[in-house]
Structures are given as structure tokens and as C-alpha cells.
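Structure first, then comments.
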Amino acid sequence: MFIPSDSSVHRITRRCICFLLLCLWTTICLILWKFLESGHPRQQFQPPIPRRDTGKQTQTNSSSVISALDMGISDEEWEKLQKALVWPGPDQLITQLNLSTSPVHSTFSIVGLKKSYKVGEKISIIITARDHNKNLKTYGGDFFKAKLFDSKLKASVYGEVVDHHNGTYSVVLLLPWEGQAQVFVRLEHSSEVVQILKKYRDSSFPRSHYNGHFEGSGPNKTRISEVVECNLKWGAEGSWRKGSCCCEYKDIKTGTVWQCERPKKLSCDKLVHHSLGALENPLNPDEKQIFTKKLTNVAITGDTQVINVLPNTADNGTMEKCRSGLTTPVPAGFYFKDVWKSFVCNTQQFNSTQIGNCLKNKIVYLLGDSTTRQWFEYLEKNVPGIKRMDLHTPPTGGPLMAVELKNNIIIHWRPHGVPLRFTKMLITDLHYIANDIDEIAGGSHAVVVFTIFAHLVFHPITFYVHEVAKIRQSVVALLSRAPQTTVIIKSGNTAGVKDIFQSDWYAMQLNTVMQKMFKDIHGVIYLDVWQMTSCHYLLEDVHPGAVIIANEINMLLSYVCPT
């Protein structure tokens, strides 16, 4: 009988253990391979970069925490932006209607009204806010708008409202035209409503939803289609979780993550189309009461006397030619007989022939939303001989291109990437503005215009800062490689809808962010259309009327072809 030694036992034991481990590993690999080959959807996109907890952070109403590093800016810049965005208001949440600002009981008065004035003089307005009990308000934060106008002359000028944080507000209005004028003041939102707007803007509540359209092959050569809800992922956990979550799509350059519910039959790589989805109202009954349309964007009573403005023989000086680096004053200009007269620079009026001459040998890139599409449509109608190319894309969704061969003019329009509330369109046609700018060679022949406001009001302002930071990075790179490129930012404009979804207060805050973040970028032109849409006699609309678009284009061309 053979009795093994201790060393032999140890060798045999080690070999048995190694053999068992090898078998176990092989079994695991086979199981994993079969699982993956069974049709289980596999994520083909890079996972989101883990959130880093360095730097100062902004806490939202969810568990998500956003840092300056997440936004792509420094702590110092974020602090400056927060200071610029500060908006006064009540110290505590007020949802009682009788304590909110009343447009019926609030009034305005002209300080020291005289019998007549001269062109170039100014008048001062005092606004006094009262609640529904007729009590004077003791804190600020109301969102008033003010202007001077004359209907017969089709003249108007914007006035900036200054908040004194005690229930009173002041406005200084320039008298820029000869003739008559009247003051008009309206309360767009009470300070209590603005408090609610800020609450939901800073939260992770998804006020806007979107649809993802998945398509793929089914059994027996059939075609399967599934529509699921999609939304932005922003923060550690994202702002939206529901159903079987989630397919995630990360843009490599910008880092933006889009997520959709996981389809039941198709895999995540079968996302083909994108479209707008439902809106979700977060307001509770008390908030809805003070957010009623009857109290939104209502004119307040005050001095309605006609102001007489006499001519002024004093020399107003000459305006310099339009270029980058110019500041936008208040007012930035005024309307007279439906023509915008700028105080920024020497603007011109362009007829069709002059538009064609100005854009000769130019490539114009219009990037953003439907408001830059309005610019495309205006140029398409007014550039002699230009023709739209059939790109087999939706006429309102784009992308679009028009060409004029004789003078070598090319005009592009493309919508920005998700989030976007547009009609159903190919997801591959939605590009982030930063990425599109990275693909532009630039040069003296290139005109790049972008806007990104209307569709971002549904999401946290920290995400907006992130998007603008990426665009700024791309613009700086473009101007570095091609400094003669004309780069123009079209500001956000006022809109007709003034509710929890698309309030002008949101857009005004986004304008502030864009202005501040591009303030020190040499070579960029900031075209402020906010004042142009805020003081015109046409009802405010997210798509401004034709006469306003014509004046915006004249401003644009005055920068492209200055004199």
C-alpha cells in the first residue's frame, strides 16, 4: 500500500484547487456570454463620468448636488454669476393671495412732470407696489416692465426697472423722439410668483418631458417602433427616474447626458427620432391661486398724461461703426416709425439688393432654435436669387440650407441639441452648438450666429451654465484659429407665454448668464434683442412679428457690413 508524503498531498491539493477555480471561471464566462447573446440590451455609449465632490456646490430640491467643476467653470466665476442672478423677495414662502402684489392696487407716477421736454431729456417714474389688501409692500422682487410709447408714431423705448427692496421701484425713461409720448407699466409677476419660479427652476422637477422614438427589426422581417419618455440627466442621480430606467446617451465633447426609458422590445442603440413630450405642472393649489393668468402681465394704473417732447438742436454726435467689444446701454435704442434706431452703433437699413451685396461670398451659420430659423426664413425671402436646398428634412425642424450661386452666398440653419421642444425629427440632426462650432473652419467669409435660451428655461440654471461654458470653449478656439470670423450671440427675447414653464423671468436670468460669461471674450458680438421685443407695440411672442425680425436682421447686417 502506497502512502503519499506530506509534500505530495500539498501538491495534489494545490492542483485540485487550481483546477476547481479554472472550472468556476470558465462557467462564469459561459453564463455571462449566453446572457449577453440572449438579446439583453447592451449599453453602447460611454457611461457618465462620476460626479466629483470637489469645489463649492449648489444643492437643489433633489438629492443631486452640482459643483462649479460639474458646470465647467471655476468657483470664483460661479460666485460672480450667483451675485449677478440675485433677486430680492420675501424671506419666507408666501402662498396667500391677499399678501401677494396686486396689479390693481399697485400704481406708478411721473416725478416732477413738466409741460414740455426736449429730445434727449429723461423723466423719472416711481412704482409703488401694494398687496390685495391695499397695504404697501415692504420687500422687493416684483417683476415689472416699463416703456415709453406713442401709437401714432409707432415709437417706443425700453425702461429698466430698479428695485429698491422696499416695495418701491424707479425707472428712468429717455425721451428720444420729437412729438408725444406716454408711460406704460405692467406687472408681469409678483415677487411671490417669482419666488415660486425660482423654487422650481432650482429644483429637479421635470416640467418638460420629451419622447424618444425607437425603431428596429422584428420577427419575420417586420419593423418594430416604440415611443418612450426621455429627459436630461443632470446631477448624480439625474432629474428624472421612472419606468425601466434607463438608456443613457452621453455626448463625448460636451459631457451632456440624455436618458430615455428602456424600451420593452428594442435595445438602447435603436433610438432614431426625438420629439417634444408633455408638460408637467408642479404647482400646488395655493401656488396656482397666486399664479393665475388674471394677475399675470397686467398693466397698472398711473399718470397717463401725454408728454410733449420738443426738438433739440444740440448735436448728438456721430455713432461709431458696429463692431465687437461695444457695450449695450439702457436703452439700447428705440423704435420710431417702426424702425429701430440703435444707441450701440451706426445701424443701417438694408434693402434686398444691399442684403445680397453684404452677404456676397459669405457663409452664414445660424445655430439655435426657431428664432434663428426666423432669421433664415427672412434672408431666404429677401436675398435675391437665393434658393432653399432640399435636404429631405422637416421644414420647421431642419437642418436647412439656402444657396445663391451668383454671389456665392450660403446660409445654414440648424437647431441645437436636446433638450429641445421640437416636432419629430432625427436624433442625428440635433447637434450641440459647441460641437457645430468646433466643425467650422472660420475666416473672414464666415458669420456664426447662435442663440440658446427658449428651450433651456425648463431646466436648472446650473445646466445652462454648463452648456454656455462648453459653447464659450468652442468660440474661443474658433477665434483663436480664425480671428476674422464674425461671431454673434443673439440674446433671448420676450415671449407670449408667461407661466411656470416659459416665464420671461427665466429668460432674463439666462440672458444675464450669457452676457456675464462672454463679457471678456474678445471678438464676440452680443446682439441684445430683449429690449427690441420688450418695448414694441406688438404683443410679445416667442416668435417676434415680421417688423421686429426685419429690424433684428438690419442690426445683424450692420455688424457683418459696418459703415
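Counting heavy atoms from C-beta on, the side chains of Met532 and Asn493 never come closer than 4.5 Å. Using a 4.5 Å heavy-atom threshold, the side chains of His459 and Asn231 count as touching. Counting heavy atoms from C-beta outward, Asn297 and His189 have side chains that stay 4.5 Å or more apart. By the 4.5 Å heavy-atom criterion applied to side chains, His522 and Leu479 are not counted as neighbours. Met508 is listed as a side-chain neighbour of Trp87, based on a closest heavy-atom distance under 4.5 Å.
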- Kindly indicate, with the supporting measurements, whether the criterion side-chain contact (heavy atoms from CB on, under 4.5 Å) is fulfilled by Ile500 and Arg207. CA-CA 8 Å; Ile500 189 62; Arg207 288 172 288 126; 4.1 Å; yes

- Task: Would you check, one step at a time, whether the test ring-ring contact (aromatic ring centres under 6.0 Å, His included) holds for His455 with Phe422?
- Result: CA-CA 9 Å; His455 296 263; Phe422 261 28; 5.4 Å; yes

- Test Lys253 against Glu467 for salt bridge (Lys or Arg N to Asp or Glu O under 4.0 Å), laying out the working first. CA-CA 11 Å; Lys253 287 187 178 181; Glu467 292 294 283; over 6 Å; no

- Using the side-chain hydrogen bond (donor to acceptor under 3.5 Å, both in side chains) rule, take Glu280 and His209 through it: C-alpha gap first, then chi angles, then the decisive distance, then the call. CA-CA 8 Å; Glu280 187 174 355; His209 294 280; 2.5 Å; yes

- Ser474 and Asp438: side-chain hydrogen bond (donor to acceptor under 3.5 Å, both in side chains), yes or no, with the steps? CA-CA 6 Å; Ser474 296; Asp438 284 339; 3.0 Å; yes

- Query: After noting the C-alpha distance and the side-chain angles of Val497 and Val542, does the key distance pass the side-chain contact (heavy atoms from CB on, under 4.5 Å) rule?
  - Reply: CA-CA 8 Å; Val497 179; Val542 70; over 6 Å; no

- Checking side-chain contact (heavy atoms from CB on, under 4.5 Å) for the pair Gln259/Tyr249: CA distance, chi angles, key distance, verdict? CA-CA 6 Å; Gln259 59 184 11; Tyr249 309 94; over 6 Å; no

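Between Lys83 and Glu77 no salt bridge is recorded (no basic side-chain N to carboxylate O distance below 4.0 Å). Under a 4.0 Å N-O distance rule, the pair Asp369/Arg373 does not qualify as a salt bridge.
Considering only residues two or more places apart in sequence or on other chains, Lys80 meets the salt bridge (charged side-chain N to carboxylate O under 4.0 Å, His left out) condition with none of them. Every side-chain hydrogen bond (donor to acceptor under 3.5 Å, both in side chains) that Thr372 has, sequence neighbours left out, goes to Trp413. The side chain to side chain contact (heavy atoms under 4.5 Å, CB included) search around Ala84 returns Thr512, Lys516, not counting sequence neighbours. In terms of the side-chain hydrogen bond (donor to acceptor under 3.5 Å, both in side chains) criterion, residue partners of His213 (sequence neighbours excluded) are, by chain and number, Ser275. Residues meeting the ring-ring contact (aromatic ring centres under 6.0 Å, His included) test with Tyr506, sequence neighbours left out: none. For His416, there are no side-chain hydrogen bond (donor to acceptor under 3.5 Å, both in side chains) partners two or more places apart in sequence or in a different chain. Under the rule for a side chain to side chain contact (heavy atoms under 4.5 Å, CB included), the partners of Ser225 that lie at least two apart in sequence or sit in another chain are Glu215. Considering only residues two or more places apart in sequence or on other chains, His274 meets the side-chain hydrogen bond (donor to acceptor under 3.5 Å, both in side chains) condition with none of them.
Per the SG-SG cut-off, Cys260 and Cys230 are bridged by a disulfide [distance under 2.5 Å].
Atoms CZ and CG, on Arg201 and Leu85 in that order, are 6.5 Å from each other to the nearest 0.5 Å. Atoms CG and CD, from Leu81 and Glu76 in turn, are 12.0 Å apart once rounded to the nearest 0.5 Å. The distance from the CD atom of Glu188 to the OG1 atom of Thr296 is 8.0 Å, given to the nearest 0.5 Å. In this structure, Trp258 CH2 and Ile427 CD1 are separated by 7.5 Å, a value rounded to the nearest 0.5 Å. Atom CG of Leu276 and atom OG of Ser208 lie 7.5 Å apart (nearest 0.5 Å). Rounded to the nearest 0.5 Å, atoms CG (Leu510) and OG1 (Thr451) are 10.0 Å apart.
Side chain to side chain, Asp504 and Thr494 fail the donor-acceptor criterion of an N or O pair below 3.5 Å. Side-chain atoms of Lys490 and Thr371 form a donor-acceptor pair, as typed in the model, at a separation below 3.5 Å. When only modelled atom types and interatomic distance are considered, Trp340 and Thr347 share no side-chain donor-acceptor pair under 3.5 Å.
Contact between Gln348 and Ser558 at its shortest, heavy atoms only, is N-OG, 2.9 Å.
For Lys362, the NZ atom counts as densely surrounded, since its 6.0 Å shell holds more than 12 non-hydrogen atoms of other residues, nucleotides or ligands.
Here side-chain hydrogen bond (donor to acceptor under 3.5 Å, both in side chains) pairs that include residues 399-411, with residues two or more places apart or in two chains, are Asn361-Asn408, Glu404-Asn407. Residue pairs meeting the ring pair (Phe, Tyr, Trp, His ring centres under 6.0 Å) criterion with at least one partner in residues 468-489, sequence neighbours excluded, do not occur; the list is empty. Each salt bridge (charged side-chain N to carboxylate O under 4.0 Å, His left out) pair with one or both residues in residues 526-555, not counting sequence neighbours, appears once here: Lys145-Glu540, Arg186-Glu540, Lys498-Glu540.
Ring pair His273/Phe214: centre-to-centre distance not below 6.0 Å. Checked against a 6.0 Å centroid threshold, the rings of His536 and Tyr335 count as neighbours.
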Side-chain donor/acceptor pairs under 3.5 Å, residues 349-358, sequence neighbours excluded:
residue : atom : partner : partner atom : Å
Gln349  : OE1  : Asn554  : ND2          : 3.0
Asn351  : OD1  : Thr353  : N            : 3.2
Asn351  : OD1  : Gln354  : N            : 2.8
Ser352  : OG   : Asn382  : O            : 3.2
Gln354  : OE1  : Asn351  : N            : 2.9
Asn357  : ND2  : Thr353  : O            : 3.4

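Taking the ring centre of Phe458 as origin, the terminal cationic atom of Arg421 falls inside the region bounded by 6.0 Å and 45° from the ring axis.
Tyr432 pairs in a side chain to side chain contact (heavy atoms under 4.5 Å, CB included) with only one of the listed residues (Ile452, Thr254, Leu367), which is Thr254. Checked options Val364, Ile363, Val403; the residue passing with Ile411 is Val364 (criterion: side chain to side chain contact (heavy atoms under 4.5 Å, CB included)).
Ring geometry for Phe343 versus Phe334: interplanar angle of 30 to 60°, hence tilted. Ring geometry for His466 versus Trp234: interplanar angle of 30 to 60°, hence tilted.
Panel note: side chain Asn551, backbone Val547; a donor-acceptor pair is recorded below 3.5 Å.
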